[in-house]
Amino acid sequence: MFFCGGVSLKKYLLVHIPHSSLLIPSKCKKRLIKNVRKENIFISDYLVDRLVSKKVRTIKFRYSRMFCDVERFNTEEEVMNKYGMGVVYSKDSNESDFIVLDEEYKNNIISNYYNKHHDILNKEVSNIINMCNRCVLVDLHSFSELFIKKVFDKDDAPDICIGVENKYTSKLLVEQTINHFKKYNYSVKTNYPYEGSIIPNKYFDVYDERLDTIMIELNKKIYLNNNNKLDKKKFNKLKRCINKYFKTFAIQFS
């Protein structure tokens with residue numbers, strides 16, 4: 001159901017990849033009322049998992065966010081609920097219904113997929129903190145300029161968006177991250193077009209200074225072409241940049 005693997009360059013480094021999968025399980029497919037293949041690719045963090053070296057410890061959600069979005073809050077306050085894109089999606093990016101939902105189905109997804117994913121994340125972060133006395137959690141995503149325009153009416157997007165949390169993202173980590181991507185001539189903005197970074201449920205209300213979290217959102221145009229196909233030259237450059245980042249900041253934060 002989930003993937004957790006890799007031997008990180010530093011034992012306290014953990015990369016969270018929640019939205020790269022395109023896999024939709026049969027229980028979801030049976031409820032679909034339209035073909036979602038193109039939409040699934042469009043809203044996924046397509047191929048992001050392939051950017052990360054196998055030497056890096058990762059937690060990856062195995063299923064498509066159209067089935068279950070493990071980065072949404074499981075509360076009424078989740079802002080994406082109004083778009084039909086909460087924990088369990090009912091609408092696509094065109095605000096069109098694509099699936100038949102009921103409460104029993106949604107509760108099953110939350111219990112057996114969403115909650116279990118967060119249990120794994122909580123446990124892995126806690127184990128790293130107990131072992132190393134710190135954990136650097138990198139929340140890795142990508143985004144489409146078309147999506148943020150359609151859904152949020154945002155434009156002027158950078159190549160790299162860095163998401164920070166006031167309590168849980170150190171100034172040093174932010175500085176090192178921005179400087180690294182700028183060395184590769186990528187434009188960088190903080191908390192735009194997306195904000196924040198994942199905080200494991202266990203630490204959401206109980207602050208622990210040993211946890212450092214940062215989100216990295218990659219503009220799809222820096223590794224894909226206009227047809228959402230991999231651009232090999234761009235992809236290889238970004239892959240070198242990403243893995244050099246993990247290696248470099250791991251050394252700097254030693």
Side-chain angles (χ1 to χ4, degrees), residues 1-25 40-41 44-65 67-71 113 116-143 159-163 173 176-177 180-181 183-184 186 197-198 200 211-220 222-225 228-254:
M1 191 181 302
F2 308 93
F3 175 79
C4 182
V7 179
S8 65
L9 300 172
K10 289 294 180 180
K11 292 182 178 180
Y12 55 73
L13 172 63
L14 178 64
V15 179
H16 184 237
I17 307 174
H19 294 154
S20 66
S21 178
L22 299 177
L23 182 61
I24 297 178
N40 195 17
I41 293 174
S44 74
D45 295 347
Y46 191 45
L47 302 178
V48 160
D49 54 328
R50 298 189 190 180
L51 289 165
V52 182
S53 166
K54 293 181 180 180
K55 294 180 180 179
V56 176
R57 183 188 289 109
T58 61
I59 290 181
K60 175 185 173 183
F61 188 57
R62 286 195 183 277
Y63 296 103
S64 166
R65 66 191 303 181
F67 167 66
C68 176
D69 194 328
V70 294
E71 287 239 342
Y113 297 87
K116 287 184 178 180
H117 179 81
H118 283 277
D119 287 345
I120 291 170
L121 181 61
N122 285 332
K123 183 177 180 180
E124 188 71 7
V125 169
S126 294
N127 287 342
I128 292 171
I129 288 176
N130 290 335
M131 180 175 61
C132 303
N133 203 37
R134 68 178 315 230
C135 176
V136 177
L137 177 60
V138 178
D139 197 26
L140 188 61
H141 298 262
S142 68
F143 70 93
D159 297 329
I160 308 289
C161 165
I162 304 298
L173 180 55
Q176 298 285 8
T177 302
H180 177 82
F181 284 103
K183 286 180 181 178
Y184 284 79
Y186 293 120
S197 183
I198 193 165
L211 174 62
D212 217 344
T213 181
I214 192 166
M215 179 176 70
I216 299 176
E217 288 268 4
L218 310 169
N219 193 322
K220 289 183 178 179
I222 67 174
Y223 70 97
L224 301 178
N225 63 28
N228 277 328
K229 301 293 185 180
L230 185 148
D231 183 309
K232 190 172 182 179
K233 184 176 180 180
K234 290 181 178 180
F235 183 87
N236 288 338
K237 175 191 173 183
L238 182 58
K239 185 171 183 177
R240 288 193 301 271
C241 173
I242 288 288
N243 289 292
K244 183 68 173 178
Y245 168 73
F246 292 141
K247 184 176 181 179
T248 302
F249 97 74
I251 294 171
Q252 290 169 334
F253 275 73
S254 299

Plane angle bin for Tyr63 and Tyr113 - parallel if under 30°, tilted between 30 and 60°, otherwise perpendicular: perpendicular
Rounded distance [0.5 Å steps], CD in Glu217 versus CG in Asp45: 6.5 Å
Criterion side chain to side chain contact (heavy atoms under 4.5 Å, CB included) on Val136 and Leu14, from CA distance to verdict: CA-CA 6 Å; Val136 177; Leu14 178 64; over 6 Å; no
Pairwise side-chain contact, Leu218 with Phe143, heavy-atom cut-off 4.5 Å (strictly under): no
Passing option when Ile17 is tested against Asp49, Ile59, Asp139 for side-chain contact (heavy atoms from CB on, under 4.5 Å): Asp49
pair Val52-Arg50: side-chain heavy atoms closer than 4.5 Å: no
Distance-only donor-acceptor check, side chains Ser142 and Tyr46, under 3.5 Å: no
Result of checking Asn236, Asp231, Leu230 against Lys234 for side-chain contact (heavy atoms from CB on, under 4.5 Å): Asp231
Separation of Leu173 CG from Ile162 CD1 (nearest 0.5 Å): 8.5 Å
Greater than 12 external heavy atoms within 6.0 Å of Lys123's NZ: no
Straight-line distance of Leu51 CG to Cys241 SG, nearest 0.5 Å: 10.0 Å
Minimum side-chain heavy-atom gap Arg57-Glu124 below 4.5 Å: yes
Heavy-atom pair with the smallest gap, counting every atom of Glu71 and Ile198: OE2-CD1, 3.5 Å
Side-chain H-bond candidate by donor/acceptor type, Ser64 with Asn40, under 3.5 Å: yes
Donor on one side chain, acceptor on other, His117 and His16, under 3.5 Å: yes
Within-4.5 Å side-chain heavy-atom neighbours: Asp119 and Leu121: no
Cation-pi geometry met for Lys237 and Tyr186 (6.0 Å, 45°): yes
Expected output: side-chain Asn130 to main-chain Ser126 donor-acceptor under 3.5 Å: yes
Note, Phe246 side chain near Ser53 side chain (heavy atom, < 4.5 Å): no
pair Ile216-Val138: side-chain heavy atoms closer than 4.5 Å: yes
Verdict with supporting geometry, Thr177 and Ile214, side chain to side chain contact (heavy atoms under 4.5 Å, CB included): CA-CA 9 Å; Thr177 302; Ile214 192 166; 3.5 Å; yes
Gap between atom NZ of Lys232 and atom CG of Asn225 - 0.5 Å precision: 14.5 Å
For Ser197 against Gly163, the heavy-atom pair lying closest together: CB-O, 3.9 Å
Verdict with reasoning, Lys244 to Tyr184, per side chain to side chain contact (heavy atoms under 4.5 Å, CB included): CA-CA 11 Å; Lys244 183 68 173 178; Tyr184 284 79; 3.5 Å; yes
Steps toward side chain to side chain contact (heavy atoms under 4.5 Å, CB included) verdict (Val48, Tyr223): CA-CA 9 Å; Val48 160; Tyr223 70 97; 3.6 Å; yes
Atom pair NZ/NE2 of Lys60 and His19 - distance to nearest 0.5 Å: 13.0 Å
Donor-acceptor contact below 3.5 Å, side chain Arg134 vs main chain Tyr12: no
Ser20 backbone acceptor or donor facing Ser44 side chain under 3.5 Å: no
Validation row: Ile128, Leu137 side chains within 4.5 angstrom (heavy atoms): no
Check: Leu211 and Ile129 side chains under 4.5 Å, non-hydrogen atoms: yes
Under 3.5 Å: donor-acceptor pair, side chain of Ser21, backbone of Leu23: yes
Rounded distance (nearest 0.5 Å) linking atom NZ of Lys229 with atom CG of Leu47: 10.0 Å
Exam field: side chain Asn219 to backbone Ile222, donor-acceptor pair closer than 3.5 Å: no
